[in-house]
There are 2 protein chains.
Amino acid sequence: MEAELLKKCTDAGIRITAQRALIIETLIVSDDHPDADLVYRRAVERDQSISLPTVYRTLNLLEDAGIIKKINMNDGKARFEPVRKDHDHLIDADNGHIHEFQNQELKKILDSIANEMGYEVIDHRIEIVGRKRGESNCDCIQIKVY
Amino acid sequence: MEAELLKKCTDAGIRITAQRALIIETLIVSDDHPDADLVYRRAVERDQSISLPTVYRTLNLLEDAGIIKKINMNDGKARFEPVRKDHDHLIDADNGHIHEFQNQELKKILDSIANEMGYEVIDHRIEIVGRKRGESNCDCIQIKVY
DNA sequence: GTAGATGCAAATCTTTTGCTCGCCC
DNA sequence: GGGCGAGCAAAAGATTTGCATCTAC
């Protein structure tokens, strides 16, 4: 996995430095969806000298090259993940946990929608916000009304 | 439309002030998807005395009440629109134009996906990034590779 | 050797907050 | 009248940038 990503980088003309390799490895090891600051905090544990601006610069670089993907939780921070098999996210409204899923039917629908509008799909962002069935949301203090 | 939104506000216990009414009207008049600063700049044309913090406070208030919706273009700024009929967005990759669409089939799929995972859908965010068919993307300078 | 990358510090941009004054009900 | 809202200024948080130094190729 890591070698694969590093190859993608060199193929894209991205120079591999110690910092970039560490950031890439950090992303691979992370099975959640860290924001830039969290990537930095995880990376700095392994290399004290890495800096936050470098993390930002590297994440932007990798995103522009299509090697990682920026995802958005509407929490004001950009989060990142390596581009893997196509998948989308279901976010648990109560605890913020992120579940991943894949659905071919969904992709077909997107294609046909875009097609009807005269477009072809080149990317998409899909997030389902959901609540576990069976858990009532009325017996607890709830600020936001969905 | 405006009276309708104002009613939603009073129903939600939101006091209607001159500033809030102006912000709501600004949102209704806007057929694009303005960010907070743009809402502010549009509103200030009509009332010199309105302030940016008030715009932010009002937008958050309206969003928490479910009267407007925050949408995200991955450009680092939150954008807003009144909650209208359910719809999603297709973003033109070349010029950033936002098209809206509705598709029942899509909603059914989301329901069944969530259902399979033991969840029920309480919200969703869907954006298709597309390119107009027939327009080549190879004959022009292109920085981002999608 | 040289173009490009890094670290540091500071700037920038978006959004939020403390406080005082003013206005809606 | 009293509480809630507004404006101002400043803080806070996320992200970017200028510049001198260092490094991958």
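Convention: sequence-line order gives letters A, B, ...; per-chain numbering from 1.
- Of the residues in residues 5-19 of chain A, A:Arg15, A:Thr17, A:Gln19 come within less than 4.0 Å of DNA chain C through at least one heavy atom, sorted by number.
- We find the CG-CD1 distance between A:Leu106 and B:Ile126 to be 6.5 Å, quoted to the nearest 0.5 Å.
- The footprint of chain A on DNA chain D, defined by a heavy-atom cutoff below 4.0 Å, extends from D:dA14 to D:dC25.
- In this structure, A:Asp37 does not pair ionically with A:Arg42, as no charged nitrogen and carboxylate oxygen lie closer than 4.0 Å.
- Here B:Glu25 pairs with B:Arg46 in a salt bridge; the nearest charged N to carboxylate O distance falls below 4.0 Å.
- Contact footprint of chain B on DNA chain C: nucleotides with an atom under 4.0 Å from a non-hydrogen protein atom, first to last in 5' to 3' order, C:dT14 to C:dC24.
- Note on A:Asn60: only backbone sugar-phosphate atoms sit closer than 4.0 angstrom, heavy atoms only; bases stay farther off.
- Using a 3.5 Å distance cut-off with no hydrogens or angles, the side chains of B:Glu81 and B:His33 do pair a donor with an acceptor.
- With no hydrogens or angles considered, no side-chain donor-acceptor pair links A:His87 and A:Asn103 at under 3.5 Å.
- When ring centroids are compared, A:His99 and B:Tyr119 come within the 6.0 Å threshold.
- One side chain, A:Asn115 or B:Arg133, offers a donor N or O that lies under 3.5 Å from an acceptor on the other.
- Residue-level contact check: B:Asp35 touches neither bases nor backbone, having no heavy atom under 4.0 Å from any strand.
- Each of A:Leu61 and B:Lys70 lies near DNA chain C, and the nucleotide nearest A:Leu61 is the one positioned closer to the 5' end.
- Two different hydrophobic clusters hold A:Ile71 and A:Ile128 under the rule that ILVMFWY side chains link at heavy-atom gaps under 4.5 Å.
- In this structure, B:Lys132 does not pair ionically with B:Asp94, as no charged nitrogen and carboxylate oxygen lie closer than 4.0 Å.
- Among the atoms of the strands shown, base atoms are found under 4.0 Å from some heavy atom of A:Arg57.
- Ion pairing between a basic and an acidic side chain is recognised when a charged N comes within 4.0 Å of a carboxylate O; A:Asp111 and A:Lys107 show no such pairing.
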